[in-house]
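Below is one structure; the comments refer to it alone.
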Amino acid sequence: GGFLVRQFNWDPTGSPQTHYQVAARVRRTGDNAELDAGFNHFRVGAPDLTIKSLSLDTDTPNYIGDGEVADIRIEIESIGDIPDHGTMTLQIRNAQEGDIVAEWENKFPGVVPSATLVYSATWDSSGIPKGDYNLIGWVEHEGGVTPQSIVHFQTLQDMRWGWNSIQDVY
């Protein structure tokens, strides 16, 4: 037995920016029988995504009422030079304790360079305790993980008309 090391260089100039595979096979000369094989995958180009926008559409901007149905939307853009795929995650968390109130995940196939992709959902806030909340969105993809995008909002407080002014009702 022994070892053989072979090195070669390939110039990908002019080749499509995508995934490739290098294959090495060891064959016996007499009968061409394959004795061993090795494979290595690589890509030319870099996948990358960014969050273009994240929104929580409610009746009163930056506030939500108990039982209100809000539209949630995240838009991502491929800023790499090869297609990228992954998972978009959206969470509504209590801003103080960090408890997850609602969560959505959306797996997506290859987004081509310069293309955008939108994911929308609705959220029924029925039963939400009063307080401050964050809608948090991020994307895990072949090129890595985007920074979190955050939209802060809070619950509406019930109001009543007092003798001299409007007052919060707790």
Side-chain angles (χ1 to χ4, degrees), residues 8-25 34 36-156:
F8 65 95
N9 294 316
W10 174 58
D11 181 1
T13 304
S15 299
Q17 294 185 338
T18 188
H19 296 272
Y20 291 89
Q21 173 179 290
V22 172
R25 299 180 189 279
E34 187 171 297
D36 200 358
F39 305 92
N40 192 8
H41 299 272
F42 67 98
R43 66 178 173 236
V44 173
D48 200 5
L49 295 170
T50 188
I51 296 175
K52 195 169 182 179
S53 66
L54 177 66
S55 62
L56 175 73
D57 186 20
T58 57
D59 293 337
T60 306
N62 302 318
Y63 292 89
I64 194 161
D66 185 12
E68 183 177 342
V69 176
D71 293 318
I72 295 170
R73 181 178 186 273
I74 184 171
E75 181 178 11
I76 62 172
E77 181 178 15
S78 175
I79 57 173
D81 51 17
I82 62 173
D84 200 354
H85 64 276
T87 303
M88 290 182 263
T89 302
L90 296 169
Q91 291 181 342
I92 294 178
R93 289 181 172 247
N94 180 292
Q96 277 73 41
E97 291 86 29
D99 297 336
I100 298 172
V101 174
E103 183 173 29
W104 300 263
E105 284 191 354
N106 181 48
K107 293 185 185 301
F108 58 91
V111 179
V112 298
S114 301
T116 60
L117 180 65
V118 174
Y119 175 73
S120 299
T122 56
W123 172 53
D124 181 348
S125 67
S126 295
I128 188 172
K130 301 284 185 204
D132 291 335
Y133 292 87
N134 291 317
L135 168 62
I136 304 169
W138 70 91
V139 182
E140 296 177 44
H141 57 101
E142 188 176 358
V145 179
T146 64
Q148 291 183 343
S149 187
I150 300 173
V151 174
H152 181 76
F153 66 99
Q154 51 188 283
T155 55
L156 286 173

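Only a predicted model underlies this, so the values are computations on that prediction, with no experimental measurement involved.
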task = Give, for atom CD1 of I51 and atom CD1 of I150, the distance between the pair rounded to the nearest 0.5 Å.
result = 10.0 Å
request  = Test I128 against T155 for side chain to side chain contact (heavy atoms under 4.5 Å, CB included), laying out the working first.
outcome  = CA-CA 8 Å; I128 188 172; T155 55; 4.0 Å; yes
request  = Please check if any side-chain donor atom of D57 sits under 3.5 Å from a side-chain acceptor atom of S55, or the reverse.
outcome  = no
query = Between E97 and N94, what is the shortest heavy-atom contact and its length?
reply = OE1-OD1, 2.7 Å
request  = Quick one: list whatever passes ring pair (Phe, Tyr, Trp, His ring centres under 6.0 Å) with Y63, sequence neighbours left out.
outcome  = none
ask   = Salt bridge check: are E105 and K107 linked by an N-O gap of less than 4.0 Å?
value = no
Minimum-distance pair of heavy atoms, taken over all atoms of W104 and T122 = CZ2-O, 3.8 Å
message = Check whether S125 reaches the backbone of E68 with its side chain - one donor and one acceptor, N or O, closer than 3.5 Å.
response = yes
query = Looking only at heavy atoms, what is the nearest atom pair of H152 and A95, with distance?
reply = CE1-CB, 4.3 Å
request  = Determine the interplanar angle of the F42 and W10 rings, folded into 0 to 90°, and report it as parallel if under 30°, tilted if 30 to 60°, perpendicular if over 60°.
outcome  = perpendicular
query = Where do L49 and E77 land on the side chain to side chain contact (heavy atoms under 4.5 Å, CB included) test, with the steps shown first?
reply = CA-CA 6 Å; L49 295 170; E77 181 178 15; over 6 Å; no
request  = Decide yes or no on side chain to side chain contact (heavy atoms under 4.5 Å, CB included) for V111 and T116, but give the supporting numbers first.
outcome  = CA-CA 7 Å; V111 179; T116 60; over 6 Å; no
request  = Look only at the side chain of D81 and the backbone of A46, and say whether a donor-acceptor pair between them is shorter than 3.5 Å.
outcome  = yes
task = Please step through side chain to side chain contact (heavy atoms under 4.5 Å, CB included) for the pair M88 and L117, ending with a clear verdict.
result = CA-CA 10 Å; M88 290 182 263; L117 180 65; 3.7 Å; yes
request  = Taking all non-hydrogen atoms of both residues into account, name the closest pair between P83 and P113 and its distance.
outcome  = N-CD, 4.0 Å
Euclidean distance, T146 OG1 relative to D48 CG, rounded to 0.5 Å = 9.5 Å
inquiry  = Quick check for you: to the nearest 0.5 Å, what is the distance between D66 atom CG and S126 atom OG?
reply    = 6.0 Å
request  = Determine the minimum heavy-atom distance between T13 and D11, stating which atoms define it.
outcome  = OG1-OD1, 2.6 Å
ask   = So which heavy atom on S120 is nearest to which on R73, and how close?
value = OG-CG, 4.0 Å
message = Donor-acceptor check, side chain of R93 to backbone of I100, threshold 3.5 angstrom: yes or no?
response = no
ask   = Is the closest side-chain heavy-atom distance between Y20 and P12 below 4.5 Å?
value = no
ask   = Per the side chain to side chain contact (heavy atoms under 4.5 Å, CB included) rule, which among D99, I64, V151, V101 passes with Y133?
value = V101
task = Pick out which of W138, Y119, F108 makes a side chain to side chain contact (heavy atoms under 4.5 Å, CB included) with I76.
result = F108
